[in-house]
Number of protein chains: 2
Amino acid sequence: MATIKDVAKLASVSVSTASIALNGNKNVKTETRVRVLEAAKKLNYRKNGSAADLKKSQTKTLALIVDDLSGPFFSELIKGVQDVTLSKGYDLITCSAIGGENSTPTRFLLEKRTDGVIILAHTLKNEMILHASMEGFPIVLLDRQLDSRHTIHIQVDNEQGAYNAVHYLISLGHRSIAYVSGNATSTDNHCRYRGFQKAMDEFGLEQPDKWNISGSFTEEGGYHTTKMLIMQGQLPSAIFYANDEMAIGGIQAFSEKGIKVPEDVSIIGFDDILLSRYTTPALTTIHQPKYEMGSLAAHLIFRALSGESFEQQLYTLETRLVKRSSCRQV
Amino acid sequence: MATIKDVAKLASVSVSTASIALNGNKNVKTETRVRVLEAAKKLNYRKNGSAADLKKSQTKTLALIVDDLSGPFFSELIKGVQDVTLSKGYDLITCSAIGGENSTPTRFLLEKRTDGVIILAHTLKNEMILHASMEGFPIVLLDRQLDSRHTIHIQVDNEQGAYNAVHYLISLGHRSIAYVSGNATSTDNHCRYRGFQKAMDEFGLEQPDKWNISGSFTEEGGYHTTKMLIMQGQLPSAIFYANDEMAIGGIQAFSEKGIKVPEDVSIIGFDDILLSRYTTPALTTIHQPKYEMGSLAAHLIFRALSGESFEQQLYTLETRLVKRSSCRQV
DNA sequence: CTGTTAGCGCATTCAT
DNA sequence: ATGAATGCGCTAACAG
């Protein structure tokens with residue numbers, strides 16, 4: 001494999017001159033530059049990026065770490081991140097946190113391969129993130145709060161969003177409302193349940209234990225928990241699912257049992273993923289500003305990178321109720 | 001920023017011993033390892049990944065380059081790639097090709113930052129890929145064929161798939177069939193059109209020019225071309241959309257005009273993206289084995305990496321007709 | 001088991 | 001405008 005040394009030799013110049021010529025710097029005679037470029041082409045020369053990074057202080061690269069690269073949430077988030085990153089002339093690389101402890105994310109969190117990291121990955125341990133956090137290496141957390149001076153946090157107002165959802169259900173006349181929760185360990189889930197409770201309490205509504213079921217944040221999770229709900233015999237008049245994917249799984253389960261949404265049971269989700277528009281019925285849900293989360297995250301990274309120190313370490317974005325067709329007036 | 005040197009000094013060992021200890025190698029007394037680890041923690045030491053890569057010959061990393069990280073096709077492809085990559089103990093990083101010439105992909109194609117690359121990105125120029133291709137650096141192309149000994153190609157049998165789609169339409173009694181094409185420059189599009197033509201020819205069917213409209217491979221593209229189709233006054237009895245996203249845009253356009261699918265017009269797509277299951281009506285389409293493409297691509301990279309030389313450079317995967325509810329018998 | 005030595009490939013002073 | 005020399009941080013022989 002040809003190195004810059006070989007190129008220099010073939011072009012009869014010094015390594016430094018070759019480097020200058022190769023990197024498009026002005027300070028070379030056109031003639032020599034041409035000679036170097038030709039030599040490079042002849043030798044099929046490729047710069048070694050790692051070596052270059054080693055010399056320079058920065059990589060001009062950001063990493064986005066997520067649990068599920070296939071997920072609907074990621075699909076929208078990435079656009080916001082990408083737009084900002086690109087506009088700053090930085091590169092963006094993405095990887096999944098799936099794969100256990102010493103997996104790919106380690107490389108970006110712990111090995112100085114990027115100038116900053118954005119994280120939306122429950123499976124990453126707090127411990128690892130804390131270990132990675134340090135002055136001058138901005139980390140933006142989208143899925144949790146951490147007690148560290150060196151991480152920046154963006155969250156959506158989950159509690160208020162859930163409150164609004166339940167409030168809407170109640171305003172529609174619903175009195176028996178179930179909560180189908182996602183991952184019990186998730187902060188998001190926790191906050192949403194708080195909002196749910198708050199609205200219920202406010203209106204003096206009780207929620208029997210049997211109507212508080214938990215699964216995972218997936219379509220399958222929603223499907224199975226809904227089946228369980230159905231098997232219990234008596235149905236609530238409305239269900240709040242901790243996210244849209246679960247709600248969609250729920251719709252599927254109901255449809256299979258011949259239970260009609262929203263005629264027999266009203267359903268509301270959380271997130272407003274792309275799919276929600278397409279289900280039958282279209283899903284009423286709480287919109288999360290995913291694009292904005294992404295672009296804000298990237299912006300904050302760049303602000304931190306430019307040496308700005310943050311008084312504020314927590315940014316809260318508002319949600320919005322999106323009324324579609326899965327809830328009915330009773 | 002602390003380096004391994006500082007750690008070594010603080011632990012009173014040589015740099016090499018520190019390196020060995022840090023990397024979990026067996027050949028150190030537990031006592032010294034502990035000392036090194038403690039020193040590292042105290043100094044908040046982070047390994048510099050670039051420096052490590054520079055020393056080692058390989059990066060143990062694969063890159064997947066795609067145009068659209070938000071796209072439905074990517075979402076399914078990635079799983080296949082990821083599963084295989086992980087099982088081999090490699091890391092996988094993903095980036096978008098959007099962003100013009102000297103953008104992120106360059107780093108992975110031209111700068112030896114990964115051991116191999118999988119590409120599904122029309123916007124990447126042939127020229128750049130050719131430039132990157134070389135012995136010992138496997139590149140798998142999912143979206144085009146290239147005349148290079150150093151690239152491996154996977155394609156789906158687009159022509160046969162399109163033929164099957166149209167054949168199905170014809171078997172349902174349709175005689176006037178329109179083709180809504182995607183990106184004109186795309187090989188996929190080209191092959192699908194050939195399959196379309198072949199089936200039409202075989203049954204002696206004519207396709208008026210006005211029923212051959214082209215847009216882009218997006219929902220919006222399908223929406224607009226369908227609007228145009230509608231404005232032309234007379235509708236075909238069936239439409240073959242070059243991909244599902246366009247078909248979904250088409251359904252939307254029809255729905256807005258009060259034209260019923262499939263009562264008034266039958267629709268078939270191509271790809272079988274996740275969404276197709278959820279549209280109203282559910283979309284009949286040609287399934288592409290996206291997961292299999294991904295895992296095959298990764299497999300081939302590893303085979304190439306293990307020094308295997310390929311007699312075969314083109315792998316063709318079969319499609320499958322998925323009947324749902326968007327086509328009716330006439 | 002541990003230390004010494006020698007680069008990996010490149011960008012960058014500082015001379016000339 | 002060009003060249004010589006230096007070292008980025010790390011790993012891997014090779015000695016001891």
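Since this is a predicted model, take the numbers as computed values, not measurements. Numbered from 1 within each chain, the chains take letters A, B, ... in sequence-line order.
- A donor-acceptor distance shorter than 3.5 angstrom exists from the side chain of A:Asp115 to the backbone of A:Lys60, with no hydrogens or angles considered.
- Listed by chain and residue number, A:Val84 satisfy the side chain to side chain contact (heavy atoms under 4.5 Å, CB included) test with A:His299 (two or more places apart in sequence, or in another chain).
- We find that NZ of A:Lys9 is positioned 16 Å from C1' of D:dG3, with the value rounded to whole Å.
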| request: Sugar-phosphate atoms are those with a prime plus P, OP1 and OP2; base atoms are the rest. Using that split, label each nucleotide of nucleotides 8-16 of chain D B, S or - for protein heavy atoms under 4.0 Å, 5' to 3'. | output: BBBBB----
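- The salt bridge (charged side-chain N to carboxylate O under 4.0 Å, His left out) contacts involving residues 294-303 of chain B comprise B:Arg303-B:Glu308, where partners must be two or more places apart or lie in separate chains.
- The interatomic distance linking A:Asp53 (CG) with C:dC10 (P) rounds to 12 Å, in whole Å.
- Where the helix from C:dC1-D:dG16 to C:dT16-D:dA1 starts and where it ends, the local axes point in directions that differ by 30°; five pairs per end, rounded to 10°.
- Rounded to whole angstrom, the span from the CG atom of A:Asp6 across to the P atom of C:dG9 amounts to 9 Å.
- Under the side chain to side chain contact (heavy atoms under 4.5 Å, CB included) criterion, A:Thr3 pairs with A:Lys5, A:Asp6, sequence neighbours left out.
- There is a side-chain donor-acceptor pair under 3.5 Å between A:Arg107 and B:Thr61.
- Salt-bridge annotation for B:Glu127 and B:Lys125: absent, with no side-chain N of the basic residue lying under 4.0 Å from a carboxylate O of the acidic one.
- A:His131 and A:Ser133 share no donor-acceptor pair across their side chains, judged by distance under 3.5 Å alone.
- Among residues two or more places apart in sequence or in another chain, the ring-ring contact (aromatic ring centres under 6.0 Å, His included) test is passed with B:Phe302 by B:Tyr90.
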